[in-house]
Amino acid sequence: MVRANGAVSLRELARVVQTSEVTVRRDVRALEAEGLLDRRHGGAVLPGGFTRESGFPQKSHLATAEKTAIADLAAGLVEEGEAIVVGAGTTTQELARRLARIPGLTVVTNSLLVAQALAHANRVEVVMTGGTLRGSNYALVGSGAEQSLQGLRVSRAFLSGSGLTAERGLSTSNMLSASVDRALVQAAAEVVVLADHTKLGTDTMFQTVPTDVITRLVTDEPPGHDDRAATELQALADQGVQIAVAGASGAPAGEPAPGRPPRRDMPLPGQRRTHAPGAGPQLRSAAAMGEPQGPGERARVADLRRR
C-alpha cells in the first residue's frame, strides 16, 4: 500500500488487514528496520527522510476524518465579510468547502483546489495569486505568486504544512511552497495553522511559520498512546500558541461520533505569557470557541495542567 500510494495511515492499515492499530504499529516498526518504509506519527511513508514530499493523491487519503473535523472547527473562526488568505493543502481544501457557506468573504489563495471549492459560492470573492503551477499539490508558486501578495493585508491566514514542532514551528519539504507560505503569513494579522496529530513532532526541511508567529493551532486529539504528539501540544501551548482540538473520529466539535459520547474542544491557552512566574499556562475552555464549560471540560483542564 505504501508503494502504491506513497503514504498510508495506521488506521487505514488496521481496517484493511482487520487487526488492531497496536499490531499494525509493531509490524510497521519491523518494516522500517528492514529499510522498506519510514514511520510517521499515525502512519508510514516511502523512505526519503526530510526531502520527500507526498503528492496530492497520497496526502488526500491520510487522516481524512481528522482533516474533516479540523476544517469544521476552523470554519467557525471565520466571520461574514472577512478577508482571509488560505494556503495550499488537503486540509485547507476541506476548510474551503465550508467557507463557501459564509457570505461576504474575500479569500486570497494560491491553491487551485481551494479556488475550485469556492468557485460556485454565491457571495464569496476569490482572488488568486499569480505564479507557476506546481502540479504535485495544485498550487501556484514562485516569484509571480510572491509579488502578487505584496501590499496585501487581511485578518487571518489559514495554512497547513508537512510538519509542526514547538522548536521550529510549521515546515514543509519544498522550498518554493515554503517561500509562498511565508509571503501569505506576511499579509495576515493572525496566523492559524491547520495540522492533524500525525504532523505534530514532525520536522521537515524548510521552515514556513516560526512558532512565535503562530496565533492558533487547530488540530485533532492525539490517540492516547501518542505521547510525542501530546508533549508537542503542551510545548506549543507553553510558547503561547492557542490550541483548539476538534472532535474525535471525524465528528465536528460538539457533535458525538456514532457510538461515542459528545466530545468538546481542548481548552485554549490564554493570552501569551500572562501567567504568574512559576505557574503553568493559564487555560481557557472551549467557551472561547462558542462551547459551554462542563465537568468534563474542567477535568480536561486539570489533566493538561498535570502534564
Side-chain angles (χ1 to χ4, degrees), residues 63 66-109 111 113-114 117-118 121 123-127 152-161 164 169-170 181 184-197 199-200 208-209 211-221 233 236-237 239-248 250-255 263-272 283-293 297:
E66 290 85 348
K67 291 173 183 176
T68 298
I70 289 169
D72 285 332
L73 185 56
L77 299 172
V78 183
E79 300 178 357
E80 293 185 14
E82 269 196 273
I84 61 175
V85 296
V86 179
T90 52
T91 310
T92 52
Q93 180 188 24
E94 287 295 326
L95 171 63
R97 290 173 177 145
R98 287 144 185 83
L99 296 179
R101 300 191 289 266
I102 303 177
L105 286 183
T106 299
V107 178
V108 181
T109 185
S111 169
L113 298 175
V114 168
L118 295 168
R123 289 187 286 172
V124 177
E125 182 178 1
V126 179
V127 180
L152 180 71
R153 193 64 173 168
V154 298
S155 58
R156 292 185 182 92
F158 291 87
L159 298 176
S160 187
L164 177 66
L170 191 67
D181 282 352
L184 291 172
V185 167
Q186 291 295 321
E190 296 183 0
V191 177
V192 181
V193 170
L194 311 183
D196 63 78
H197 73 270
K199 297 177 181 178
L200 298 177
T208 56
V209 190
T211 305
D212 60 0
V213 177
I214 299 173
T215 307
R216 188 188 303 267
L217 165 65
V218 183
T219 186
D220 63 295
E221 186 170 6
L233 278 179
L236 288 163
Q239 294 198 38
V241 177
Q242 299 177 13
I243 299 173
V245 178
E255 295 182 15
R263 304 294 297 267
R264 299 200 185 281
D265 301 335
M266 182 179 180
L268 302 179
Q271 298 297 321
R272 294 176 182 251
L283 304 175
R284 54 193 176 93
S285 75
M289 299 287 292
E291 295 287 342
Q293 278 192 301
E297 187 71 41

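Predicted model only: the values in this text are computed from it and were never measured.
Side-chain contact between Thr211 and Leu236 is present, with at least one heavy-atom pair separated by less than 4.5 Å. Under the 4.5 Å side-chain criterion, counting only non-hydrogen atoms from C-beta, Leu233 is in contact with Leu217. Looking at Leu99 and Ile84, their side chains come closer than 4.5 Å, going by heavy atoms from C-beta outward. Looking only at side-chain heavy atoms (C-beta outward), Gln186 and Val213 stay at 4.5 Å or farther from each other. Side-chain contact between Asp72 and Arg98 is present, with at least one heavy-atom pair separated by less than 4.5 Å. For the pair Val86 and Leu118, the minimum side-chain heavy-atom distance is 4.5 Å or more. Side-chain contact check for Leu170 versus Val191: every heavy-atom pair is 4.5 Å or farther apart.
If you take OG1 on Thr91 and CD on Glu66, they are separated by 10.0 Å, rounding to the nearest 0.5 Å. Interatomic distance, CG of Leu95 versus CG of Leu194, reported as 6.0 Å (0.5 Å rounding). Taking CG from Asp220 and CG from Asp196, the interatomic distance works out to 5.5 Å, rounded to the nearest 0.5 Å. Atom-to-atom distance recorded for Ile214:CD1 and Thr208:OG1 is 7.5 Å, nearest 0.5 angstrom. In this structure, CG in Leu77 is found 9.0 Å from CD in Glu190, a value given to the nearest 0.5 Å. Note that CG of Leu159 is 8.0 Å distant from OG1 of Thr92, once rounded to the nearest 0.5 Å.
Closest heavy-atom contact between Arg156 and Glu82: NH1-OE2, 2.6 Å. Across all their heavy atoms, Ala121 and Ala100 have their closest contact at CB-O, 3.7 Å. Between Ala88 and Ser111, the closest heavy-atom pair is CA-CB, 3.8 Å. When all heavy atoms of Leu113 and Gln93 are compared, the pair lying nearest together is CB-NE2, 3.8 Å. Closest heavy-atom contact between His197 and Thr219: N-OG1, 3.7 Å.
Lys199 and Ser160 share a side-chain donor-acceptor pair at under 3.5 Å.
No option in Leu152, Val127, Asp181, Thr109 other than Leu152 meets the side-chain contact (heavy atoms from CB on, under 4.5 Å) test with Val85.
Here the side chain of Arg216 pairs no donor or acceptor atom with the backbone of Val241 at under 3.5 angstrom.
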